[in-house]
Amino acid sequence: MHGLTVSLHLLAVIVWVGGMAFALLVLRPASGPLDPPLRLALWERTLRRFFGWVWAAVILLPATGLWIIFDVYGGFGRLPFHLHLMQGIGWLMLLVFLHLWFVPYARFRAALAAGERPAASAALDRIRKAVTANLVLGLVNAVIGASGRFWTA
């Protein structure tokens, strides 16, 4: 069961962090030259699909993380420092995503539905900033997850 739990945890990380990297480093520059109506439509379709996967990840990551904490370590008291750090960063990422979903993404969808392209573009820029912050946090967390067990002498 432990192998399955860790595998699901890792797959959720890959989907979420990898998706953010793709969006910022590949799709954003590639969509820049498009006319605003096409660019906004592309982002609307992309975010709608991607955020479905992110919702799965933000449910799966805490569930599998907590399972690992209690199954492997017997609770928080015996948890190594790097895993406490990972968990804290993970909760911060979840909060950033929830803000992104309920504020700029909601404004983005509403502006598109109302045909207000400048407002949609402004909301999309706020989404970009939140995704950038979460990408940095996610990459830091991945490094901690991969290297944290080697921190102690």
Side-chain angles (χ1 to χ4, degrees), residues 1-32 39-113 120-152:
M1 187 67 168
H2 179 64
L4 175 63
T5 306
V6 170
S7 297
L8 289 173
H9 194 80
L10 182 59
L11 288 172
V13 168
I14 291 167
V15 166
W16 190 7
V17 176
M20 290 187 295
F22 173 79
L24 290 172
L25 303 174
V26 178
L27 185 59
R28 183 171 181 263
S31 68
R39 184 174 58 249
L40 291 171
L42 172 65
W43 276 106
E44 189 279 325
R45 288 190 305 273
T46 301
L47 292 174
R48 182 173 9 106
R49 290 170 194 243
F50 176 57
F51 287 162
W53 287 100
V54 175
W55 273 109
V58 300
I59 291 166
L60 198 56
L61 285 165
T64 55
L66 289 170
W67 181 276
I68 294 165
I69 288 169
F70 287 98
D71 184 51
V72 175
Y73 297 96
F76 291 98
R78 298 181 60 218
L79 202 59
F81 171 74
H82 76 281
L83 295 180
H84 281 290
L85 189 58
M86 279 183 67
Q87 184 187 43
I89 293 170
W91 285 112
L92 179 59
M93 289 179 67
L94 188 138
L95 290 174
V96 169
F97 173 71
L98 290 175
H99 168 75
L100 182 160
W101 175 268
F102 288 109
V103 180
Y105 184 57
R107 289 178 183 160
F108 175 71
R109 290 185 319 220
L112 281 181
S121 292
L124 188 58
D125 190 55
R126 286 189 287 282
I127 292 168
R128 177 193 58 80
K129 290 174 183 172
V131 170
T132 300
N134 254 1
L135 176 59
V136 170
L137 291 170
L139 292 173
V140 167
N141 235 8
V143 170
I144 293 168
S147 68
R149 71 180 133 219
F150 303 111
W151 293 356
T152 58

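In this chain, numbering begins with 1 at the start of the sequence shown.
Looking at L42 and L27, their side chains come closer than 4.5 Å, going by heavy atoms from C-beta outward. The closest side-chain heavy-atom distance from W55 to F50 is not below 4.5 Å.
Among pairs with a residue in residues 83-94, none fulfils side-chain hydrogen bond (donor to acceptor under 3.5 Å, both in side chains), at least two apart in sequence or across chains. For residues 95-104, there are no side-chain hydrogen bond (donor to acceptor under 3.5 Å, both in side chains) pairs, not counting sequence neighbours. For residues 2-26, there are no salt bridge (charged side-chain N to carboxylate O under 4.0 Å, His left out) pairs, not counting sequence neighbours. Screening residues 41-52 for side-chain hydrogen bond (donor to acceptor under 3.5 Å, both in side chains) gives S31-W43, E44-R48 as the qualifying pairs, with residues at least two apart or on separate chains. Applying the salt bridge (charged side-chain N to carboxylate O under 4.0 Å, His left out) test to every pair with at least one member in residues 91-109, sequence neighbours left out, gives no pairs at all.
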Side chains of residues 122-147: which donor-acceptor pairs under 3.5 Å do they make with residues two or more places apart or in other chains?
| residue | atom | partner | partner atom | Å |
| --- | --- | --- | --- | --- |
| D125 | OD1 | R128 | NE | 2.9 |
| D125 | OD1 | R128 | NH2 | 2.8 |
| D125 | OD2 | K129 | NZ | 3.4 |
| T132 | OG1 | R128 | O | 2.8 |
| N134 | ND2 | M93 | O | 3.1 |
| N141 | ND2 | M86 | O | 3.1 |
| S147 | OG | V143 | O | 2.7 |
| S147 | OG | W151 | NE1 | 3.3 |

Using distance only, find each side-chain donor-acceptor pair of residues 5-13 under 3.5 Å and give its atom names and separation, not counting sequence neighbours.
| residue | atom | partner | partner atom | Å |
| --- | --- | --- | --- | --- |
| T5 | OG1 | M1 | O | 2.9 |
| S7 | OG | G3 | O | 2.7 |
| H9 | ND1 | L61 | O | 3.4 |
| H9 | ND1 | T64 | OG1 | 2.6 |

Show me the side-chain donor-acceptor pairs of residues 66-77 shorter than 3.5 Å, one per line, residues at least two apart or across chains.
none

Please table the atom pairs, donor to acceptor, closer than 3.5 Å between any side-chain atom in residues 19-26 and protein atoms at least two apart or in another chain.
none

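Residue R28 qualifies as open at atom CZ: its count of foreign heavy atoms under 6.0 Å is 12 or below.
Across all their heavy atoms, F108 and A120 have their closest contact at CD1-O, 3.3 Å.
Taking CG of L100 as the start and CZ of F102 as the end, the distance is 11.0 Å to the nearest 0.5 Å.
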